[in-house]
Amino acid sequence: MNLLYKSTRGGQSDVTASQAILQGLACDGGLFVPERIPALEIPFEKLSGMSYQETAYEVMRLFLTDFTEEELKHCISSAYDEKFDTEAIAPLAKVNGVYYLELFHGATIAFKDMALSILPHLMTTAARKNEIKNEIVILTATSGDTGKAALAGFADVPGTKIIVFYPKDGVSPIQEKQMVTQKGENTLVVGIRGNFDDAQSGVKAIFGDRELEKELNQAGFQFSSANSINIGRLVPQIVYYVYAYGKLLESGELSEGEKINVVVPTGNFGNILAACYAKQMGLPIAKLICASNDNKVLYDFFRTGEYDRNRPFILTTSPSMDILISSNLERLLYQIADSDARKDMELMEALSSEGKYQITSGMKEKLADFCGYYATEQEGAETIVRVYEDTGYVMDTHTAVAACAFRKYTDDTKDGTKTVIASTASPYKFTRSVMESIDQKRYGNMTDFELIDELSSISGTEVPKAVEEIRTAAVRHRTVCETGEMKKTVREFLGCM
């Protein structure tokens, strides 16, 4: 059966998967959601023996129904190949009885690779299917990881250009170096003087500018998004939760139908929403534990039902979670409002005008599967040290937030359900923060690349290729602008001044 998509704000419906992927954001500013969540059709017994690529096909074919089997399998095989440093693609590490789902074995050593390795292939296939003649301009705001993963995916892809905006002083040195050294004649990286929310709001404003859209269309361009608002990002993220369950069955760690909890360090809410969709497809997930850092807007939301971004924006050592406007939460709001587009619009307008909204008691009751916990900077650092000293396993700052949140959850609930923690980045991506957590006095005076070599030594792991490549890479992108200059910067890059 063909699965169509509609906007959370009611302005578009009967949209095919390929059209939704191409468009990115709905014309009314809403997010595309499937008309229904399809049920998994593969029996657990068969799932346990499947490769990542086979699992991806079984999940994605249910959502991307206007892609042929040949098209979808080509996209999957092109994405999940030797770019990943392990055949498993997303291996599980059992540490102190908890399963860390390592989502950082791709080209840019962060979980964004899991979806952004396939998005360019989905998008170019979608363009062919819809006979698109314009050049597709990928416009993205990043808190650190999406940017590099999108750049790596779209670099020199024919018929595309990609522009990435990031907060100039709001990402790690390794994250910034990865982006500003990016090759590709179709790429532009721009640091903005502001935070991630400023970058994201600026990108949304550009998407919503109908005059600019008309101008660029006449020049042969059209915008699309590689952010997690794009359904082509969200669907591939569902895959690794299904795959993880299959691998736990295969290893005998789970019995068929046994429930698991999932803990996700959360910023823009896409990664944990993917786990929610996996649960709705029939994956035996009990609790969805949403882990926040000091920017704990989601923690407060799950506790109170009020979403309030009117608070200080805190720069932390887990910058991909330094977000006060979690865009993908709108998809969940729409769902718990019984697909009421007017209610969704009301909440989004309140967020825009007042910086906050309050959901109804009925909506809050439908969030029973979720719970929120958060970790302070100190608690995250202490978690890195504790796990390393106890087991020798080194985790990054975002994974540490999740591990700390999980410990608080179990302390509160005594819940013994087996648990998967989404490990969203390699410790090599945030080496200074990780190493200074382990021993500030010993490692505080080392350069970033000295720290990388020291991390390799103490962890017994090889320095990832993604990090090794940027040791001597030349800086290719030096553009910095104010948030009010973002539109002008886009026009200049596209030659539309």
### Task
Kindly compute the distance separating CD (Gln280) from CD1 (Ile37), expressed to the nearest 0.5 Å.
5.0 Å
### Query
Between OH of Tyr241 and CG of Leu101, what distance do you get to the nearest 0.5 Å?
7.0 Å
### Task
Give the intermediate values and the outcome of side chain to side chain contact (heavy atoms under 4.5 Å, CB included) for residues Thr181 and Glu469.
CA-CA 10 Å; Thr181 58; Glu469 285 177 341; over 6 Å; no
### Message
Using the rule given for side-chain hydrogen bond (donor to acceptor under 3.5 Å, both in side chains), can you reason through Ser251 versus Lys94, listing the C-alpha separation, both sets of side-chain angles and the distance that settles it, and then say yes or no?
### Response
CA-CA 11 Å; Ser251 64; Lys94 187 176 182 179; over 6 Å; no
### Query
Does the side chain of Thr461 come under 3.5 Å of the side chain of Tyr428 through a donor N or O and an acceptor N or O?
yes
### Query
Charged N to carboxylate O under 4.0 angstrom, Lys46 versus Glu58?
no
### Task
Taking atom types as modelled, find out whether Asp66 and Asn2 have a side-chain donor-acceptor pair closer than 3.5 angstrom.
no
### Task
Might you confirm whether atom CZ of Arg407 has over 12 heavy atoms from other residues, nucleotides or ligands at distances under 6.0 Å?
no
#### Entry: Ion pair check, Arg386 and Glu382, cut-off under 4.0 Å
no
### Verdict with supporting geometry, Arg476 and Glu185, salt bridge (charged side-chain N to carboxylate O under 4.0 Å, His left out)
CA-CA 10 Å; Arg476 298 169 58 90; Glu185 294 306 309; 3.7 Å; yes
### Over all atoms of both residues, closest heavy-atom pair of Phe269 and Cys290
CE1-SG, 4.4 Å
### Within 6.0 angstrom of Glu35 CD, more than 12 heavy atoms from elsewhere
yes
### Task
Flag the pair Asn261 / Tyr409 as yes when at least one side-chain heavy-atom distance between them is below 4.5 Å, and no otherwise.
yes
### Query
Can you tell if the side chain of Glu462 reaches within under 4.5 Å of the side chain of Asp85, non-hydrogen atoms only?
no
### Message
So Leu119 and Leu116, do their side chains get closer than 4.5 Å, heavy atoms only?
### Response
yes
### Message
I want to check something: taking the side chain as every heavy atom from C-beta on, are Ile452 and Arg471 in contact at a cut-off of under 4.5 Å?
### Response
yes
### Message
Which heavy atom of Ser437 sits nearest to which heavy atom of Ala381, and what is that distance?
### Response
OG-CB, 3.4 Å
### Message
Treating Glu454 as the side-chain partner and Tyr443 as the backbone partner, does any N or O pair qualify as donor plus acceptor under 3.5 Å?
### Response
no
#### Entry: Polar side chain donor-acceptor pair, Thr316 to Asp294, under 3.5 angstrom
no
### Task
Taking the side chain as every heavy atom from C-beta outward, state whether Arg331 and Ile231 have any atom pair closer than 4.5 Å.
yes
### Message
For the CZ atom of Phe449 and the CD atom of Glu468, what is their distance to the nearest 0.5 Å?
### Response
8.0 Å
### Query
Would you find a donor on one side and an acceptor on the other, under 3.5 Å apart, between the side chain of Lys247 and the backbone of Met50?
yes
#### Entry: Residue pair Thr266, Asn271: steps toward the side chain to side chain contact (heavy atoms under 4.5 Å, CB included) verdict
CA-CA 7 Å; Thr266 310; Asn271 203 1; over 6 Å; no
### Message
Could you measure the distance from the CZ atom of Phe32 to the OG atom of Ser13? Nearest 0.5 Å is fine.
### Response
10.0 Å
### Query
Can you check whether Pro236 reaches Met114 side chain to side chain, under 4.5 Å on heavy atoms?
no
### Task
For residues Asp344 and Leu333, report the shortest heavy-atom separation together with the two atoms involved.
OD1-CB, 4.3 Å
### Message
Using a 3.5 Å distance criterion without hydrogens, assess whether the side chain of Lys83 forms a donor-acceptor pair with backbone atoms of Ser78.
### Response
yes
### Task
Grab the two heavy atoms, one from Ala422 and one from Leu103, that are nearest each other, plus how far apart they are.
CB-CD1, 4.2 Å
### Within 45° cone and under 6.0 Å: Lys296 NZ/CZ vs Tyr374 ring
yes
### Task
Would you confirm whether His121, through its side chain, and His74, through its main-chain N or O, come within 3.5 Å as a donor-acceptor pair?
no
#### Entry: Centroid-centroid distance, Tyr393 to Tyr100, less than 6.0 Å
yes
### Query
Roughly how far, to the nearest 0.5 Å, is the CG atom of Leu451 from the OG1 atom of Thr431?
7.0 Å
### Message
Hydrogens and angles aside, do Lys112 and Ser320 bring a side-chain donor and acceptor to less than 3.5 Å of each other?
### Response
no
### Query
Checking Ser48 side chain against Glu45 main chain: does a donor-acceptor pair fall under 3.5 Å?
yes
### Task
Can you spot which of Leu72, Ile42, Leu62 makes a side-chain contact (heavy atoms from CB on, under 4.5 Å) with Tyr57?
Leu72
### Query
Got a second to check how far Phe104's CZ is from Ser423's OG, nearest 0.5 Å?
4.5 Å
### Query
With a 4.5 Å heavy-atom cut-off, do Lys287 and Thr417 have their side chains touching?
no
### Message
Could you tell me if Glu330 and Thr8 have a donor-acceptor pair between their side chains, going purely by distance under 3.5 Å?
### Response
yes
### Query
Would you find a donor on one side and an acceptor on the other, under 3.5 Å apart, between the side chain of Gln237 and the backbone of Ala115?
no
### Message
Could you tell me if Lys418 sits above the aromatic ring of Tyr99, with its cationic atom closer than 6.0 Å to the ring centre and no more than 45 degrees from the axis?
### Response
no
### Query
Side chains of Ser18 and Thr16: donor-acceptor distance under 3.5 Å anywhere?
yes
### Query
Do Phe111 and Thr399 come close enough that some side-chain heavy atom pair is under 4.5 Å?
no
### Query
Sub-3.5 Å donor-acceptor pair from the side chain of Thr65 to the main-chain atoms of Leu3, do we have one?
yes
#### Entry: Short side-chain to backbone donor-acceptor contact, Asn230 and Ser225, under 3.5 Å
yes
#### Entry: Flag for Gln178-Lys429: side-chain donor and acceptor within less than 3.5 Å
yes
#### Entry: Pair Asn268-Asn328, side-chain donor/acceptor within less than 3.5 Å
no
### Message
Under a plain distance cut-off of 3.5 Å, with no hydrogens placed, do Gln182 and Lys148 share a side-chain donor-acceptor pair?
### Response
yes
### Task
List the atom of Pro91, the atom of Thr86, and the distance in Å for their closest heavy-atom pair.
CD-CG2, 3.9 Å
### Query
Within the distance-only criterion (no hydrogens, no angle test), does the side chain of Thr397 pair as donor or acceptor with the backbone N or O of Thr317 below 3.5 angstrom?
yes
### Query
Between Tyr245 and Phe44, is the ring centre distance below 6.0 Å?
yes
### Query
Does CD belonging to Glu87 count more than 12 external heavy atoms closer than 6.0 Å?
no
## Note on the structure
Residues Tyr52 and Ala90: closest non-hydrogen pair is CE1-CB, 4.1 Å
### Task
Output, in order, the C-alpha distance, side-chain angles, deciding distance and verdict of side chain to side chain contact (heavy atoms under 4.5 Å, CB included) for Ser292 and Tyr373.
CA-CA 6 Å; Ser292 299; Tyr373 283 83; over 6 Å; no
### Task
Give a yes or no on whether the backbone of Asp411 and the side-chain of Lys414 come within a donor-acceptor separation of less than 3.5 Å.
yes
### Task
Run the numbers on Arg128 and Glu71 for salt bridge (charged side-chain N to carboxylate O under 4.0 Å, His left out), then give the verdict.
CA-CA 11 Å; Arg128 288 195 300 272; Glu71 288 170 338; over 6 Å; no
### Message
Parallel, tilted or perpendicular: which one describes the rings of Phe430 and His398, with boundaries at 30° and 60°?
### Response
tilted
